[in-house]
Amino acid sequence: MGGQMTTDAFELDRRLAQDTIVVTDWNLSRILLMNDRRFPWLILVPRRAGMVEAFDLGEDERALLWREANAAAAALKTMTGCHKINIGALGNVVSQLHVHIVARREGDAAWPGPVWGKGVAEAYADDEAASLVRQFGARLRDPG
């Protein structure tokens, strides 16, 4: 499937749309904030239709995705002062290609295990979410 695809047919998966808050769009990816205040958590979704695996992207876009993931991870680590950044692209529940970037601290609600399926998500208050989106928007720099 690789190769260039247009953003014309891109549509964010329904579950991602319901569980996240849009932060910004970069050259390739839409940057989302997971609506769970227990974990500072960004999700990058390449704005290309039909992408399921990273290898579905062309070589240049695959490299750009990882540059974007690295830039988002570095900004998240700086903003949160966390001990560890977890990066993953599982796609078992939502097949649309997306990359999770999660700031972790020893003793957080899921430590040391993965964040998926641990407890119940705690949504941000509207003002808290808006403030975080502004902060991320000010810190995140598109490497594309």
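Numbers here simply count residues along the sequence, with the first being 1. Every value quoted in this text rests on a predicted model; they were computed, and no experiment measured them. Heavy atoms only: backbone and side chains are in, while hydrogens, waters and symmetry mates are out.
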Any side-chain heavy-atom pair of F10 and P46 under 4.5 Å: no
Distance (rounded to the nearest 0.5 Å) between W66 CH2 and L44 CG: 9.0 Å
With D13 via side-chain contact (heavy atoms from CB on, under 4.5 Å) - residues at least two apart: R15, L16, V94, Q96
Nearest non-hydrogen partners of G137 and V23, listed with the distance: N-CG1, 4.2 Å
Distance (rounded to the nearest 0.5 Å) between R48 CZ and L65 CG: 10.5 Å
Pairs meeting criterion salt bridge (Lys or Arg N to Asp or Glu O under 4.0 Å) with involvement of residues 90-119, two or more places apart: R104-D108
Cluster check V120, I21: I/L/V/M/F/W/Y, side chain < 4.5 angstrom: no
CZ (R38) with more than 12 external heavy atoms under 6.0 Å: yes
Spacing of S95 atom OG and E53 atom CD [to the nearest 0.5 Å]: 9.0 Å
N35 side chain vs Y124 backbone, donor-acceptor pair below 3.5 Å: yes
I101/I87 under side chain to side chain contact (heavy atoms under 4.5 Å, CB included): CA gap, chis, key distance, verdict: CA-CA 5 Å; I101 302 172; I87 298 177; 4.3 Å; yes
Smallest separation among heavy atoms of T80 and A103, with atom names: OG1-CB, 3.7 Å
Side-chain heavy atoms of W116 within contact of L90, under 4.5 Å: yes
side-chain contact (heavy atoms from CB on, under 4.5 Å) partners of A125, counting only residues at least two apart: D127, E128
Backbone of L57 reached by a side-chain donor or acceptor of R62 within 3.5 Å: yes
Atom of A72, atom of L140 and distance for their closest heavy-atom approach: CA-CD2, 3.9 Å
Where at least one partner belongs to residues 130-144, residue pairs that pass side chain to side chain donor-acceptor pair (under 3.5 Å), sequence neighbours excluded: S131-Q135
Between CG on residue L32 and OG1 on residue T24, distance to nearest 0.5 Å: 10.5 Å
Euclidean distance, L64 CG relative to E59 CD, rounded to 0.5 Å: 12.5 Å
Derivation of the side chain to side chain contact (heavy atoms under 4.5 Å, CB included) call for D56 and L97: CA-CA 9 Å; D56 290 336; L97 176 59; 5.8 Å; no
Any donor-acceptor pair under 3.5 Å from R47 side chain to S29 backbone: yes
Closest non-hydrogen atom pair between V99 and A69, with its separation: CG1-CB, 4.4 Å
Summary of salt bridge (Lys or Arg N to Asp or Glu O under 4.0 Å) pairs that have at least one residue in residues 67-85, sequence neighbours excluded: none
All ring pair (Phe, Tyr, Trp, His ring centres under 6.0 Å) counterparts of H98, not counting sequence neighbours: H100
Reported CG-to-CZ distance for the pair L76 and F136, which is rounded to 0.5 angstrom: 5.0 Å
